[in-house]
Amino acid sequence: MLNLRDGNQLPQIGFDTFKLKGAQGVNIIQQALKNGYRALDTAVNYENEGSVGKAIRCSSLQREEIFISSKLPGRHHKYKEAVEEIQESLYRTQLDYFDLYLIHWPNPLKDQYVEAWQALIDAQRFGLVRSIGVSNFLPEHLDRLKKETGILPVVNQIELHPYWSQQQQLKYDREHEIATQAWSPLGRANDVLQDPVIKEIAVQHKKTVPQIILRWETQLGVSVIPKSSSTLRQLQNLALFDFELSKAEVAKIIDLDQKNGRTNNQNPAVYQEF
């Protein structure tokens, strides 16, 4: 668990539900819960909040045993729309509250993210969400939230993997007591899984390449939300704490960082998602 600045805790390993929809999605999410995951990440734009809620209701777990996150889309950054959309997210999941709610992207060209942030601040005050955060926010966006509302997020969910290690953003987040969570922590299963440096480290530890990458991220103090439909891989992705990478190994993976390492060139300074 990562201790958040607001007194709540963020599980260091969660389960990403992106593209998991309908009955098949419900079954895979249920399987993840049975395999030991206790944090589920969804979003309005994933169009599967209903499936996530159904999987929770079908499980044998109590609501307080599961940490549920969702995200506000760019088309609803206006204050009134944002508050209503958070309520609609709860209605779709059939939950009384979210453990964490995030602004999905800053959409700086639209320039309504401060208004959306004020809506999240009030949603927390109303009891709709327990913790509030952002996703894909750069230091310049976070500085503006602090300047105009006086309140910083407790979580910043960002793209982070060995080819895009985000050391400057991590430093900023740490200095401002913001927990960093990695989406696509395995690089959306791209070339990073074939990287010879990581493969060599995996052989040394008798672990899989995904386990090495996820362990590297957790040792950086990052929360990770990998996704897998396979029971075996789901279990492997949870088995990260019976070994430790050396400082030299951590540094070797950081050195794999690439100048243009983003998976889909989604630069938060200009990228818009509605």
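Computed from a prediction, not measured in an experiment: that's the story for all the values here.
- Nearest heavy-atom pair, Arg63 versus Ile66, reported as atom, atom and distance to 0.1 Å: NH1-O, 2.6 Å.
- Closest approach of Gln194 and Lys199 over heavy atoms only: OE1-NZ, 3.2 Å.
- With contacts defined as side-chain heavy-atom distances shorter than 4.5 Å, the pair Asn267/Arg262 qualifies.
- With hydrogens and angles disregarded, no donor-acceptor distance shorter than 3.5 Å links the side chain of Arg125 to the backbone of Leu120.
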Candidate pair Tyr46 and Ser51, rule side-chain hydrogen bond (donor to acceptor under 3.5 Å, both in side chains), full reasoning = CA-CA 10 Å; Tyr46 296 175; Ser51 295; over 6 Å; no
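- The pair Arg144-Glu140 does not count as a salt bridge, with every side-chain nitrogen at least 4.0 angstrom from each carboxylate oxygen.
- One distance of note links CD1 of Ile13 with CG of Leu214; it measures 7.5 Å at 0.5 Å rounding.
- Within the 4.5 Å cutoff, the side chain of Leu100 has no heavy atoms near those of the Ile132 side chain.
- Side chains of Gln124 and Ser131: a donor-acceptor N/O pair is absent below 3.5 angstrom, by distance only.
- In this view, Arg130 and Asn8, Tyr97, Asp99 satisfy the side-chain contact (heavy atoms from CB on, under 4.5 Å) rule, not counting sequence neighbours.
- The pair Asp143-Lys146 fails the salt-bridge criterion, with no side-chain N (NZ, NE, NH1 or NH2) lying under 4.0 Å from an Asp/Glu carboxylate O.
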Test Arg215 against Phe241 for side-chain contact (heavy atoms from CB on, under 4.5 Å), laying out the working first.
-> CA-CA 8 Å; Arg215 184 58 177 143; Phe241 300 105; 3.4 Å; yes
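- Here the straight-line distance linking atom OG of Ser229 with atom CD of Gln24 works out to 6.5 Å at 0.5 Å rounding.
- Both Leu20 and Leu61 belong to a single network of hydrophobic side chains, linked directly or stepwise wherever heavy atoms of I, L, V, M, F, W or Y lie under 4.5 Å apart.
- Taking 4.5 Å as the limit, some side-chain heavy atom of Leu220 sits within range of a side-chain heavy atom of Gln167.
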What's the verdict on side-chain contact (heavy atoms from CB on, under 4.5 Å) for Ile254 and Trp216, showing C-alpha distance, side-chain angles and the deciding distance?
-> CA-CA 9 Å; Ile254 290 174; Trp216 168 72; 3.6 Å; yes
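- Between Ala119 and Val83, the closest heavy-atom pair is CB-CG2, 3.9 Å.
- Two residues are said to be in side-chain contact when any heavy atoms from C-beta on lie closer than 4.5 Å; Val44 and His104 fail this criterion.
- Formation of a donor-acceptor pair under 3.5 Å by the Asn48 side chain with backbone atoms of Lys19 is not found in this model.
- Tracing side-chain contacts under 4.5 Å through hydrophobic residues (I, L, V, M, F, W, Y), one reaches Val224 starting from Ile253; they form part of the same cluster.
- Without hydrogens or angle criteria, Gln118 side chain to Tyr79 main chain gives no donor-acceptor distance under 3.5 Å.
- Counting only distance, with no hydrogens or angles, the side chain of Gln258 and the backbone of Trp164 share no donor-acceptor pair below 3.5 Å.
- Here the side chains of Thr93 and Phe98 are in contact, with some heavy-atom distance below 4.5 Å.
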When you look at His205 and Glu249, which way does the side-chain hydrogen bond (donor to acceptor under 3.5 Å, both in side chains) test go after all the steps?
-> CA-CA 11 Å; His205 288 274; Glu249 289 170 332; 2.9 Å; yes
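- Gly187 and Thr263 make their closest contact through O-OG1, 4.1 Å (heavy atoms, listed as atom of the first residue, atom of the second, distance).
- A donor and an acceptor atom, one from each side chain of Gln112 and His77, are nowhere located under 3.5 Å apart.
- Enclosure of atom CD in Glu175 by more than 12 non-hydrogen atoms of other residues, nucleotides or ligands within 6.0 angstrom is indicated.
- A distance-only check finds no donor-acceptor pair linking the side chain of Gln236 to the backbone of Thr208 [under 3.5 Å].
- No donor-acceptor pair under 3.5 Å is formed between the side chain of Arg174 and the backbone N or O of Glu177.
- For Lys71 and Asp41, the salt-bridge test passes: some basic side-chain N is under 4.0 Å from an acidic carboxylate O.
- A salt bridge links Lys207 with Asp242: the distance from a Lys NZ or Arg NE/NH1/NH2 to an Asp or Glu carboxylate oxygen falls below 4.0 Å.
- Side-chain heavy atoms closer than 4.5 Å link hydrophobic residues (I, L, V, M, F, W, Y) into clusters, and following such links, possibly through other members, connects Ile103 to Leu152.
- Formation of a donor-acceptor pair under 3.5 Å by the Gln234 side chain with backbone atoms of Ser228 is found in this model.
- Asn35 and Arg233 share no donor-acceptor pair across their side chains, judged by distance under 3.5 Å alone.
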Could you check Gln31 against Lys34 for side-chain contact (heavy atoms from CB on, under 4.5 Å), going step by step and ending with a plain yes or no?
-> CA-CA 5 Å; Gln31 174 182 290; Lys34 288 178 182 177; 5.6 Å; no
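- A heavy-atom distance below 4.5 Å is not found between the side chains of Glu273 and Ser135.
- The minimum heavy-atom distance linking Pro268 with Pro106 is given by the pair O-CG, 3.9 Å.
- Side chain of Asp16 to main chain of Phe18: a donor-acceptor pair is present (N/O by atom type, distance under 3.5 Å, no hydrogens or angles).
- To the nearest 0.5 Å, atoms OG (Ser165) and CG (Leu170) are separated by 7.5 Å.
- Going from atom CD1 of Ile213 over to atom CG of Leu245 covers 11.0 Å, rounded to the nearest 0.5 Å.
- Looking only at side-chain heavy atoms (C-beta outward), Leu142 and Leu138 stay at 4.5 Å or farther from each other.
- At a cut-off of 3.5 Å, with distance as the only test, a side-chain donor of Gln169 or Asp173 sits close to an acceptor on the other residue.
- The minimum heavy-atom distance between Lys227 and Phe15, with the atom names listed, is CA-CE1, 4.2 Å.
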Show the numbers, then the answer: is there a side-chain contact (heavy atoms from CB on, under 4.5 Å) between Leu186 and Val209?
-> CA-CA 9 Å; Leu186 300 175; Val209 167; over 6 Å; no
Please assess Glu49 against Ser89 for the test side-chain hydrogen bond (donor to acceptor under 3.5 Å, both in side chains), listing each intermediate value before the final yes or no.
-> CA-CA 7 Å; Glu49 288 173 312; Ser89 285; 2.8 Å; yes
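- When hydrophobic clusters are built by joining Ile, Leu, Val, Met, Phe, Trp and Tyr residues whose side-chain heavy atoms come closer than 4.5 Å, directly or via intermediates, Leu160 is grouped together with Leu240.
- Here the CD atom belonging to Gln30 is positioned 9.5 Å from the OG atom belonging to Ser60, to the nearest 0.5 angstrom.
- The shortest side-chain heavy-atom distance between Tyr163 and Asp257 does not fall under the 4.5 Å cut-off.
- A donor-acceptor pair shorter than 3.5 Å cannot be found between the side chains of Gln272 and Lys110.
- Taking a cutoff of 4.0 Å between a charged side-chain nitrogen and a carboxylate oxygen, Lys80 and Glu85 do not qualify as a salt bridge.
- Remark: the backbone N or O of Ile158 is not paired with any side-chain donor or acceptor of Gln166 at under 3.5 angstrom.
- Side chain of Trp117 to backbone of Gly133: no donor-acceptor contact under 3.5 angstrom is found.
- For residues 120-160, every residue pair satisfying the ring-ring contact (aromatic ring centres under 6.0 Å, His included) rule, not counting sequence neighbours, is listed here: Tyr113-Phe137, Tyr113-His141, Phe137-His141.
- At a threshold of 4.0 Å, the pair Glu115-Lys78 does not count as salt-bridged, since none of the basic side-chain nitrogens sits closer than that to a carboxylate oxygen.
- Residue Leu238 is not grouped with residue Leu2 when hydrophobic side chains (ILVMFWY) are merged at heavy-atom distances under 4.5 angstrom, including chains of intermediate members.
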